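Please read these numbers as outputs of a predicted model, since none were measured by experiment. Numbering of ligands and ligand atoms starts at 1, following listing order.
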Amino acid sequence: MAQDLPNGFTGFSQRRPNGFVSASAAMGTPRYVGAQPPANGPAGSRGAYEAATAAFSSGAEGAFQYARDHARPDGEPAQFDPDKLRLIPDIDRRWAWTEIDLNAIRHNTSAVKQRIDNGVRLMAVVKADGYGHGAVRCAKTALNSGADYLGVATVNEAIELREALVNAPILILSQPPETAIPLLLAYKVMPSVYTSEFAIQYAEAADAFGVRAPYHLAVNTGMNRIGVRHDEVVEFMGQVSFHRALDLVGTFTHFATADSAETLDFQIQVKRFIEAITALRTAGVNPGIVHAANSAAAIRYPDVQFDMVRLGIGMYGLHPSGVTRPMIDLRPVMSVHARITDVRTVPMSEGVSYGMNYRSPGSVKICTVPVGYADGLRRGLSGRTDVILKGQRCHQVGNICMDQCMFEVDLRVYGSRRRLDPLIGDEVLLVGREGDSVITLDDMANTLGTINYELAVGFALRMPRVYV
Ligand SMILES: *Cc1c(COP(=O)(O)O)cnc(C)c1O
């Protein structure tokens with residue numbers, strides 16, 4: 001039990017989380033190898049740890065001073081076992097993490113798959129590290145739940161998947177710089193294409209390597225982001241199709257307003273896209289896999305499935321907007337967790353955090369968690385979000401700092417609230433559900449005037465991820 005001392009110090013009492021090991025238990029038995037360790041370190045390469053600590057044994061300036069200042073009285077340097085150090089998991093290095101529920105990915109992928117016609121392919125969009133959920137694990141899970149294709153934003157995102165031995169077709173949803181073409185060919189990754197300069201360089205490089213140059217043609221039907229204008233696709237194909245290596249695998253467009261209640265702009269884009277596809281076919285060009293729908297369109301409009309739908313946000317259990325909420329049951333995949341790192345009683349009217357714009361009412365305990373805006377907990381949420389402790393909502397208070405923030409635990413008992421006794425080490429939820437209490441990325445997005453996509457991506461900035 002924490003003792004409340006007058007100065008707010010609550011003692012060192014803390015709950016040991018499950019699986020908590022003390023750092024000393026992980027260090028192994030210290031070994032002493034004499035005052036002069038061998039220049040290359042102990043026998044057997046210790047890899048990264050050895051490299052990182054080499055300066056200390058080599059007597060580099062500064063490092064040498066540190067080693068001398070911190071030497072034991074007998075002057076012999078301690079030896080740490082790098083294998084044991086590595087075994088200390090990320091969530092025991094810092095008490096903040098996101099949990100990714102892969103069963104929810106399975107549920108959401110199947111739920112969308114059920115809405116689309118047989119034979120229509122499903123692309124799992126895993127750009128931006130799977131919208132902050134981890135691209136590799138999410139991609140593999142989606143592929144095992146009925147997805148056929150993967151979509152990413154950048155060449156490096158595609159390479160990460162290939163290096164994790166993902167074999168599915170991968171489309172980059174934009175046209176990369178020409179300088180990246182050898183990477184596309186080497187890693188068998190398809191670009192989206194909309195300039196003839198890129199198409200021809202891509203084809204010539206493929207020819208030089210003796211391979212084909214598969215791509216999807218991006219068509220601009222009104223979003224005005226990327227793509228060949230919808231009424232210029234036949235002309236475009238005329239400029240590039242002489243090149244024998246080029247292989248038009250698919251043709252797609254992207255909707256700007258598939259998630260909005262207003263449907264006129266959406267209908268205009270659909271009409272232009274259908275006209276462009278028809279024009280290609282009339283000109284004798286096979287458009288390959290025709291696709292247009294993002295999550296919102298895949299859920300709302302069965303008649304724009306074409307040959308494939310591109311599922312992004314919905315796979316992660318988030319709705320593209322309120323419009324799809326009554327239409328499909330999606331389960332949130334990400335939750336955000338932390339453990340309390342400090343608990344104190346703050347005398348009435350004392351401030352908390354930078355700026356001190358929150359003042360203690362005296363009847364609360366102030367708890368700190370190691371999550372800040374550098375972890376995606378946006379500073380604009382200061383004083384406008386809650387955390388869940390033991391199933392009860394508590395208000396976040398004071399300005400959110402870069403790496404930490406505080407919340408208050410009301411010590412008065414009223415209504416159905418139990419009196420909470422927060423201790424260092426207690427787990428809290430910043431996003432997620434516990435009992436009847438739930439805090440969603442949508443709540444945060446609404447507070448901030450942004451979209452859940454941005455919040456999800458932000459929570460991947462620094463926190464480790466745990467897959468469950
Ligand atoms: C990101 C993206 C998607 C996925 O959109 P969601 O709204 O997340 O489903 C689909 N297509 C393209 C071209 C994209 O850039």
Query raised in the report: Should the pair Asp421-Lys365 be classified as a salt bridge under the 4.0 Å nitrogen-to-oxygen rule?
Result: yes

**Report entry** Met402, CE: over 12 other non-hydrogen atoms inside 6.0 angstrom
**Finding:** no

Query raised in the report: Considering only the protein, which heavy-atom contact is closest to atom 11 (N) of ligand 1, and what is its distance?
Result: Arg310 NE, 2.7 Å

Query raised in the report: Relative to each other, are the rings of Phe252 and His291 parallel, tilted or perpendicular (30° and 60° limits)?
Result: parallel

Report task. Determine, using ring centers only, whether Tyr149 and His216 are less than 6.0 Å apart. Result -> yes

Query raised in the report: So is Gly312 polar-close to ligand 1, meaning N/O to N/O under 3.5 Å?
Result: yes

Query raised in the report: Backbone, side chain, both or neither: what part of Ser295 comes under 4.0 angstrom of ligand 1, heavy atoms only?
Result: both

Query raised in the report: Under a 4.0 Å heavy-atom limit, does Arg225 contact ligand 1 with its side chain, its backbone, both, or neither?
Result: side chain

**Report entry** Close-contact set for ligand 1 against Tyr131 heavy atoms, below 4.0 Å
**Finding:** 1 (C), 4 (C), 5 (O), 6 (P), 8 (O)

Query raised in the report: Relative to each other, are the rings of Tyr301 and Phe266 parallel, tilted or perpendicular (30° and 60° limits)?
Result: parallel

Requested in this report: Below 4.0 angstrom from a heavy atom of Lys127, which ligand 1 atoms are there? Numbered from 1 as shown, please.
Outcome: 1 (C), 2 (C), 3 (C), 14 (C), 15 (O)

Query - All side-chain hydrogen bond (donor to acceptor under 3.5 Å, both in side chains) counterparts of Thr447, not counting sequence neighbours - result: none

Query - Ile313 and ligand 1 - part of the residue with a heavy-atom distance under 4.0 Å - result: both

Report summary line: Candidates Thr253, Asn294, Ile451; heavy atom nearest atom 5 (O) of ligand 1 found on Asn294

Query raised in the report: Does NZ or CZ of Arg137 come closer than 6.0 Å to the centre of the six-membered ring of Tyr467, within 45° of the ring's axis?
Result: yes

Report summary line: for atom 7 (O) of ligand 1, nearest protein heavy atom and its distance come out as Tyr453 OH, 2.6 Å

**Report entry** Closest protein heavy atom (residue, atom, distance) for atom 13 (C) of ligand 1
**Finding:** His254 ND1, 3.6 Å

